[in-house]
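Just so you know, ligand 1 is whichever comes first in the structure, and atom 1 is the first atom listed for that ligand.
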Amino acid sequence: MTAEVINLGPVSVYLGAKSGKYPDGNQVIVRGKEMSVAFDTPLVSLSIAQVLRHVDQVVLGHAHEDHLVGLHLIPEVPVQAPLADLKAVQSEAGLAAHYGYRPQTLAKVMPRMIKDFHYLPRPDATGYADGATWDLGGGVKIRAIHMPGHTSGHTVLLVEPEGIAFIGDIDLSGFGPYYGDATSNLAQFRKSMLAVEHIPAKVWITSHHKAVIRDRDQFLSLLRAFRQKVDDRDTAILDSIGSLAPSFEEIARRRFVYPEDYESDFVPDVERHCLQQHLSGLVQMGRLALREGRYQRT
Ligand SMILES: [Zn+2]
């Protein structure tokens, strides 16, 4: 098996199924004169194992099951992860804490991480900080730009001097931003979605679905639509509150992130965590007041 590949100078993007739509993703390989680096190892990496086996190092943009798949194929290759996501790469308990779902949900979800995504802990993985750089030789460099929110460690990896930015799960998808895990943070995601605009890039690569974007106007338009999804969720929550003064449990009876017909074990936990963050944000913005456990529009 092989994958469609897009070559951008020192960067090759191997497209996952449906341009890397979840559960797949897009595999990025950066080749310098002295070494080559893989950004993440999504499902598609299994179909280009011969390519993956030749990398000298894996640099993870963030830790989530769909980005760690190919690590089991290359146990001898060093792996680096953003410091705040490192524990999720190092142990199963670390990954479970990263998600932070209820024990009964984790009991259903965790076995699938192993069966469907081949999750294999890498206790030898090391961490990198915001601003870290890698010199691949021949003038090819990578720079880490911390863009948290999707996970605490989520990082954009910028290939210089070409200005090719791997923006990971700021994925510009129609689904919108995902901030449903214990490690996620909506307030940070809002800031990152603004900051990503100012990265000095000419090409943007997402982990999922959009894959490679070469036009700045198109990038900005997709980014605007992506940011708008958060505001739309705010609006849907405010509309559902209307003139009532519901409790959290009453608001949480309906969904604001996933379509009603989408079923997966983690959905109830993710919906509640997202809702909690939206409500806190709306209270902070003064659009809702919280009195005696009930939310009222101001
Ligand atoms: Zn992710």
May I have the list of side-chain donor-acceptor pairs in residues 218-227 shorter than 3.5 Å, sequence neighbours left out?
from	atom 1	to	atom 2	distance (Å)
R227	NH1	M193	O	2.9
R227	NH1	E197	OE1	3.2
R227	NH2	E197	OE1	3.4

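A donor and an acceptor atom, one from each side chain of R122 and Q90, are nowhere located under 3.5 Å apart.
Among the atoms of H64, an N, O or S atom falls under 2.8 Å of the Zn ion (ligand 1). The distance from the Zn ion (ligand 1) to the nearest N/O/S atom of D169 is under 2.8 Å. Coordination check, H154 versus the Zn ion (ligand 1): failed, since every N/O/S atom of the residue sits at 2.8 Å or beyond.
Between H62 and H154, the ring planes lie tilted relative to each other; the angle falls in the 30° to 60° range.
Within H150, NE2 is the N, O or S atom that lies nearest to the Zn ion (ligand 1). Closest to the Zn ion (ligand 1) among the N, O or S atoms of H62 is NE2.
E160 and R143 are joined by a salt bridge, as a carboxylate oxygen and a charged side-chain nitrogen come within less than 4.0 angstrom of each other.
Of the possible polar contacts, none joining the D265 side chain to the T105 backbone as a donor-acceptor pair under 3.5 Å is found.
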